[in-house]
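Presented below is the structure to which this report refers.
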Amino acid sequence: MNLLSDTSSYAIASEYLLARFCPGMGGRLLEFRRKGGPHIAIPTEAHSFESTNWPRAGAYPLVPYHNRLADATIVAGGESVHLRSHPAAVPHTLHGPGHTRPWTVGTHDANRFTMSLGYAADDDWPWDFRAEQHFELSETNLRLTMSVENCSGRPMPAGMGWHPYFASREAVVSDAGYLWPHRSDYLPDATRVAVAEEDGVVRMATAYLEGWTKAKVALPHGFSATMKASSPFGFLVVHRGDPAHICVEPVTHVANAWNLSLPSSQTGAVLLQPGEALKGSIEILISGSSYG
């Protein structure tokens, strides 16, 4: 068991937007809102919690993989490596250990904030790695640049993503072209199908999507958040865990990617050589009829 405990928070702001972070809580964003307007993400405060039972609020990093690895095993370079299962997903893992460890503060300016994690190999992930999150606010945008670097002496499976809890009761609209159907234990089938909905509305409680360029979330008071991402964030998870929020997660691979009998070019299953890094950016544009 691992207790995360921190009372510190760090704020950045632009003319219209404000965000707060707590590195000690697993590299989390605590608050993201429009000044004088609605919360964009479900807010939380800096506090203590058991790392396997995290707050369903704000946003957190998904490194060095997202979602589940079947039977707590990952195939890397022809070798099956056993990991520690997650108590809420037994016998599988869940969302990687990156957000279950305290991060370190880096740059903190008026509208920019950076935090990093130097991870030492253990039973949750037997490779050393370094991860970074760089946040920047502009007038109407939040931009996050993420990276994960293999700091071990052998090839390492690597992926990343970001897990925000948007304060919205509305369905997400996405231009994704493909859907990966999944089983009741949230592991995907080894096939993808074309998205059937012509209007782009994601009606499933949980959808593993691919081939997307934008996803739009309706917010209170006529505002909206439009998410975009660079390569390698070619996949998108949309999950409604509670009526009060919707999770829209840009990720670099399909769930359980390294264990699927498919080419890595189809699943996003990257294998980083020592010293190599995976890097990409995510952008959230806030708009509304009364903006400004």
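Here, residue 1 is the first one in the sequence, and each next residue gets the next number.
A side-chain donor-acceptor contact under 3.5 Å links D6 to the backbone of S8. Using modelled atom types, one side-chain atom of H182 and one backbone atom of T206 make a donor-acceptor pair closer than 3.5 Å. Looking at R56, its side chain never comes within 3.5 Å of a backbone N or O of G241 through a donor-acceptor pair.
Atom CZ of R112 has 12 or fewer heavy atoms from other residues, nucleotides or ligands within 6.0 Å.
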>> If you apply the rule side-chain contact (heavy atoms from CB on, under 4.5 Å), what do you find for R203 with D199, and how did you get there?
In response: CA-CA 11 Å; R203 295 179 172 84; D199 58 5; 2.6 Å; yes
>> What verdict does the ring pair (Phe, Tyr, Trp, His ring centres under 6.0 Å) test give for F49 and W54, after you've listed the backbone C-alpha separation in whole Å, the side-chain angles of each residue and the deciding distance to 0.1 Å?
In response: CA-CA 6 Å; F49 61 94; W54 52 84; 8.4 Å; no
> Are K279 and E132 close enough, and set up right, to give a salt bridge (Lys or Arg N to Asp or Glu O under 4.0 Å), and what steps lead you there?
Replying inline: CA-CA 9 Å; K279 185 176 182 179; E132 294 186 354; over 6 Å; no
>> If you apply the rule ring pair (Phe, Tyr, Trp, His ring centres under 6.0 Å), what do you find for F21 with Y10, and how did you get there?
In response: CA-CA 5 Å; F21 308 91; Y10 301 82; 8.8 Å; no
> Can you list the steps and then say if W162 with H95 is a ring pair (Phe, Tyr, Trp, His ring centres under 6.0 Å)?
Replying inline: CA-CA 10 Å; W162 197 52; H95 287 332; over 10 Å; no
> Do V105 and F113 pass the side-chain contact (heavy atoms from CB on, under 4.5 Å) test, and can you show the C-alpha distance, the side-chain angles, and the key distance before you say yes or no?
Replying inline: CA-CA 8 Å; V105 178; F113 185 72; 3.8 Å; yes
> Step by step, would you call F32 with L17 a side-chain contact (heavy atoms from CB on, under 4.5 Å)?
Replying inline: CA-CA 7 Å; F32 179 33; L17 300 175; 4.2 Å; yes
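Residues L69 and T93 approach most closely at N-OG1, 3.0 Å, considering heavy atoms. Looking at every heavy atom in both residues, P64 comes nearest to W125 through CG-CE2, 3.2 Å. Taking each heavy atom of P61 and Q133 in turn, the nearest pair found is CG-NE2, 3.6 Å. The shortest non-hydrogen separation linking S174 to L209 is OG-CD1, 4.3 Å. The nearest pair of heavy atoms linking A13 to N111 is O-CB, 3.4 Å. Here the closest heavy-atom approach between residue P232 and residue G280 is recorded as CD-CA, 4.0 Å.
Considering OG of S5 and CD of E50, their distance stands at 12.0 Å, rounded to 0.5 Å. Atom CD1 of I246 sits about 4.0 Å away from atom CZ of R240, to the nearest 0.5 Å.
Note: the hydrophobic cluster containing I74 does not contain L260 (ILVMFWY, side chain heavy atoms under 4.5 Å, direct or indirect links). Connection of L144 to L142 is established within a shared hydrophobic cluster, with ILVMFWY side chains joined at heavy-atom distances below 4.5 Å, either directly or through further cluster members. One hydrophobic cluster, built from ILVMFWY side chains closer than 4.5 Å, holds both M227 and F135. Under the 4.5 Å side-chain heavy-atom criterion for ILVMFWY residues, no single connected hydrophobic cluster contains both V251 and L187. Cluster membership for I12 and L30, using ILVMFWY side-chain heavy atoms within less than 4.5 angstrom, is not shared.
A salt bridge between R101 and D124 is present, with a side-chain N of the basic residue lying under 4.0 Å from a carboxylate O of the acidic one. Here E15 does not pair with K35 in a salt bridge; the nearest charged N to carboxylate O distance is not below 4.0 Å.
Apart from V90 itself, the hydrophobic cluster it occupies contains nothing, where clustering links Ile, Leu, Val, Met, Phe, Trp and Tyr at side-chain heavy-atom distances under 4.5 Å.
When only modelled atom types and interatomic distance are considered, S138 and R143 share no side-chain donor-acceptor pair under 3.5 Å. Between the side chains of E276 and N150, no donor-acceptor pair is found at a separation under 3.5 Å.
Annotation: side-chain hydrogen bond (donor to acceptor under 3.5 Å, both in side chains) contacts of T104 (sequence neighbours excluded): none.
Both cation-pi conditions hold for R192 and Y178: the charged atom is under 6.0 angstrom from the six-membered ring centre and inside a 45 degree cone around its axis.
Tested against H253 for a ring-ring contact (aromatic ring centres under 6.0 Å, His included), the candidates Y208, W258, W180, F233 yield a single pass: W258.
Screening residues 171-183 for salt bridge (Lys or Arg N to Asp or Glu O under 4.0 Å) gives R183-D185 as the qualifying pairs, with residues at least two apart or on separate chains.
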